[in-house]
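As the structure is a prediction and not an experimental result, all values here were calculated from the model.
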Amino acid sequence: MSERALQSSGSHRLVGRSSDLVTVLEGIRDFRGVLVEGESGSGKSALANAVVREISRNQKVFYITASAAVSAVPYGALAPLLTQLSAAESTSPLAVMRTVLARLQSPERGNEPPGQAPMEPALMVLDDAHELDDSTAELVVQLVSSMQLKVLVLARPGRNSASVMLATALDGLLVRHSLLPLTQEQVHELCEEVLGGKVSAVSSSLIASVTGGNPLLVRALISWPSLQEHFTSSEGVWILKSQFRSNPKLEELLKRHLSGLSAGERETMEIIALAEPIALAHLFKVGHHIEVDALAEAHLIHISKSPGRLVRPRYRLYGEVLRHMVPAGRSIRLLRQLAEMPPDEPHTVEAQLRYLLWSLDCGEAVDQERLLWGAVVANNLTQASSALRLAGEITAPEYLAAGRAQLARAYARLGEYKRACSILGDLASSATDFPTTKLCAFLSSQLEHRSLQFSDGTATHPAIWLAKLDSLARSVTAAGGAPGEVAGIMLYRELLMLQRDLQSTTPEGVAERLSEILRVAEVALDEDAILLALTLLGEAAASTGRPETAVGFTTRAVRRLEKVDHHHPLSYEHVLVRHLYFLMRAGHQHEAEEELGSYRRKLMEGLPDVAGAHDVSLAVLHLAKVRNANALDALVCAIEELKVFDLLSLRPFALALGALVAAESGDAALAGTFVREYKSLLHTGAPAFELISRGYVAGAEVVLTQDGEAAAQLLALKQEAKARRWLASELEIVLIAIRLGLADSIPELRALAEATEGAEAAALLSFADAALARAPEGLIQAAEQATRGGYVEIGILALREGMRLAKSQGNRPAQASISRSLGQWKDAASVAQPSAGVSKLTRRERDIARLVIDGKKNAEIADLLTLSVRTVEGHVYRIFEKLAINRREDLTQEYL
C-alpha cells in the first residue's frame, strides 16, 4: 500500500511510523501475522490502531490485552470472548477452543455485509503479549497454525515471555518486526505535528536526546505542564528555554514504566540514576549482578561498550525524573553505599557534582573549596542552574570572589546578561587572583556590546579588567612571585588587547604579534591563551582573504577542545562558531556539516543556550548549497532563539542575512520585518561582521524598493571595507552587488579573488575571467567548476552572467543550456531540501536509498534487506515522493 493511500485514510498522524505500518500490513497480508516488539512507550498500540483502521473494512478484528494481573489464570486474557462459558467450561481447552472459533466466525461482530463471509481470516490483536498466560498462548498457536486466525502480537522485548514462545512456535508463519526508537528527524517531525508550528532543530534534537526517541516520552515533554515550563513560542517558532525537570506527569509515566520491578531492581535503578554514569564493575562489587541483568533485559538501562563499561538509565529523562522521585535522605544513603567501596576508576565528575548537590539538599556542610570546584565543573558542563546553586552557597572570604565570577558566568549562559554585568561591576574592586581576574576579563569582553543596551549605566568596562591584569602582574612581581606567573598574566592581558585591536586596526600587524604570543603560550602550556590566540589568528586570516589559513588555526583550537571530551571550557562556543564559519567560507561544506553535527551533539549535554549560533551556522551552510528555503527556516528559528540567548551577539547578523534571503525569495513582508528589527537594534559585535550585516540589509532594501539610495549605500559599504582593508568583507559585499546586478563589479571581483587564497578564489577567478572575456561558454565551464568545488552560489552567478551575455549576442544554444541549469537551481533554492538539520527520510528509507545510489535493483535490495520486492517498491516510491524526484539517477548522496 502506498504512503499516499495511507495518508488519505487518516494514518498520517502516525508520525515516523509509516514504513513500520507498511511492513506490518504486508506481513498480515502475506503471512499469518506479525510480532511487533518495542519498548514501553514506543508506539505499539498506536501502530496497532492504525493497522486496524486499514484492515477492518474486510477483516474481523478482536483486540485482546494481557496483563500481569491475569497471567496466572488459564485463558485469563481471553475472558472478553468467553462470557458465555460457565466457570467449569472456562478451564476446558476444548470448550474454550469451540467458543473462540464461534466468535471468530460469527458475522455479528464483523464489518462485512450480512450473509457475506469475511474476505480474510479474523485478526486478533494481542497487546502486552509478554504477559500472556501459557494456555492462551498455546490456543493462539493452534488457531494460527490451522489458518483459522491471523495475529498482530505486540510485546516488549525479553528472553522469557509468552511472546517469545509464540514467535518460536510459529517460526516461519509470523513476521518479526522490531519497533525502533524514532530518529532525530522523526522526533523533529513529531514535535512540529503536535505543536502545530516550526520547532528549532536544536530543541528537537535535545528532546530526541533526553527521550531516546521514545514517542510517549516525546509527547509527554511537549504537552502541559512540561510545555509551559520548558518552551517558549515566538513568531510561530517553538524554542526550548530551560533544562528539563521532573513534574507529576513524567513521574507517573516513569512509575508505569518501572512497574513490575522487584525491590532490589528498583534500588539498583535508583543507584544508577543517582550516580549516573557508574562503572559496571562498581555495581558488581556492591552485589547488583542479578538486578543489572534484569534491568538490561527490560531495556531500562544502557551499558556502554567502552573500556569503562559505564551504566546509565536507558533514557536521560528517566535519570532526571528518578533522581527527583528518590527522597533526599535515601539518595545520600545509596550514594554513601557506593562511596564506601572505592571503584577501580575514580567517580566521574558528573557523579561527584550530583553528590555535592544532594549534600546541599540534605542540609549537610560542604567544604567551600569543593563548592567552588563544583560551580566551575557545572559551568563547564553547561549546567548553569547547578552552578548558581553551588556558587550561591560560597561564603568564605577567600573563595567569595571566585564564586561570584562563576555566578556571572552562569547568568551569562542563562541569558541574564544584566545580572552578569552587574556582578562583574561589583567584582572589579574585589577580584585579586589571576584565575578569577582572567575569567572576569574574558566575560567582560564578551558582554561589552551587550552592556551598552542597558539604560541604567550597567556596563562591564573591559578596560578596567585590562588595568586589573596589569596591576595584578605588578603585585605578583612585588611579592616575589614566579616570573612564569607574571608572564602568564601579561600574556593574557595582551591577548585581550589584541582582540580589541583586531576590530579597529589593520589585521596584518595584529596577526604578527599573535603568532609570537602563540609560540610563548605553547611553550608555557597555557591552554586558555593558546585557544584564544589560535581563534584570533583565524579571525585575522579570514578577514584578510585567507580562509584556508583561518581554518588551519581554528582546526588546531577545536582539536584541543576535543581533549576535554564533553566538558566545555569558557571559550568553547567562541572557538567553534568561528571555526564553522571559516570552514564554510573556505568551501569545506562536508567538514562543516560534520562539525555542526558534533556541535549539536555536544549541545545535548546542557542548556540550548547557543542554539541560535547553531542555527545561524546551519543557515549559512544551507545558503552555500543554495537551499534558500531551508536557510530561511533556520534563520527564522535562530532570530527567535537569539532573543533569549545571544552571548556572541549574532542577532543583528541573523536579522540582516534573513532580510536578504527573504527578499530574494519573494517574501517581502518577512524581509521588511527583519529590516525594521535590525534597524531598531543597537549594533553589536565585531565591526567586520557589522559591516557585512549592513551590506545584507542594503541588499535587501535594493530588492524591496528598487531605489538608488539603497544601491548607493551598498557601494559605499564596499568602499568602507576597502579603506579598512577588510578584504573578506569587501568580497562579500561585491558578491552581493553582482547578485543584484549593481554596476560593473567584475573587475573588482577579479582583483579581490587574486588577493584571496584557496579554492573559492580559483572559482571566482574563472568566473571573472570568462565574464571579462564576454564568453558564455566559458561562463558555463566556470559554473561547472565552481559547482564541483562546492561553490554553488558562484556557479549560479556565472550562469546568470552567461545568460545576459548570450542574450546580448543572440547565442541561442548557450541560452538553452544555461536556462536548463538555472531552472534546476531555482527549484533547489525555493524548495526545502533534506539537510544537516532535519532529513525527510526514515532510517529504513535511507538504507534503501543508499543501495539505489549504489546501483542495486529492487530485487537485489529485497534480497539484501530480507524484504519483499513489493515492499522495496513501496519504499522507493515514497523516497521519490518525499524528495520530489522522478528517476533513480536523481537520487544522490546529498539527500542522505
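Looking at W726 and I692, their side chains never come closer than 4.5 Å, going by heavy atoms from C-beta outward. Proximity of E192 to W238: side-chain heavy atoms (C-beta onward) are nowhere separated by under 4.5 Å. Contact check for L518 versus R556: side-chain heavy atoms found under the 4.5 Å cut-off. In this structure, the side chains of I879 and L891 come closer than 4.5 Å at one or more pairs of heavy atoms. With a 4.5 Å cut-off on side-chain heavy atoms, L623 and R627 do not count as touching. Looking only at side-chain heavy atoms (C-beta outward), E709 and Q713 stay at 4.5 Å or farther from each other. L495 is listed as a side-chain neighbour of L514, based on a closest heavy-atom distance under 4.5 Å. Using a 4.5 Å heavy-atom threshold, the side chains of L642 and L655 count as separate.
Between E641 and R651 there is no salt bridge, since no side-chain nitrogen of the basic residue lies less than 4.0 Å from a carboxylate oxygen of the acidic one. Here E801 does not pair with R774 in a salt bridge; the nearest charged N to carboxylate O distance is not below 4.0 Å. Between K718 and E748, at least one side-chain nitrogen of the basic residue sits less than 4.0 Å from a carboxylate oxygen of the acidic one, meeting the salt-bridge criterion. E640 and K198 are not joined by a salt bridge, as no carboxylate oxygen comes within less than 4.0 angstrom of a charged side-chain nitrogen.
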Tell me, with the steps shown, if E548 and R585 meet salt bridge (charged side-chain N to carboxylate O under 4.0 Å, His left out). CA-CA 9 Å; E548 292 284 356; R585 294 307 307 170; over 6 Å; no
How far apart are the C-alpha atoms of E522 and R519, what are their side-chain angles, what is the distance that settles it, and do they pass the salt bridge (charged side-chain N to carboxylate O under 4.0 Å, His left out) test? CA-CA 5 Å; E522 288 177 330; R519 287 192 290 271; over 6 Å; no
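No donor-acceptor pair under 3.5 Å is formed between the side chain of Q719 and the backbone N or O of L715. Proximity of a side-chain donor or acceptor of N630 to a complementary backbone N or O of H622 within less than 3.5 Å is not detected. In this structure a side-chain-to-backbone donor-acceptor pair under 3.5 Å is present from R888 to K856. A distance-only check finds a donor-acceptor pair linking the side chain of E757 to the backbone of T549 [under 3.5 Å]. Distance alone, capped at 3.5 Å, places no donor-acceptor pair between the S817 side chain and the P813 backbone.
Side-chain atoms of H188 and Q184 form no donor-acceptor pair, as typed in the model, at a separation below 3.5 Å. In the model, Y791 has no side-chain atom that pairs as donor or acceptor with a side-chain atom of Q785 under 3.5 Å.
For F653 and Y696, the ring centers sit closer than 6.0 Å to each other.
Considering H579, R578, R559 in turn, H579 is the only one that fulfils the side chain to side chain donor-acceptor pair (under 3.5 Å) rule with T554.
Residues passing the side-chain contact (heavy atoms from CB on, under 4.5 Å) test with T756 are P547, L727, L731, A761, sequence neighbours excluded.
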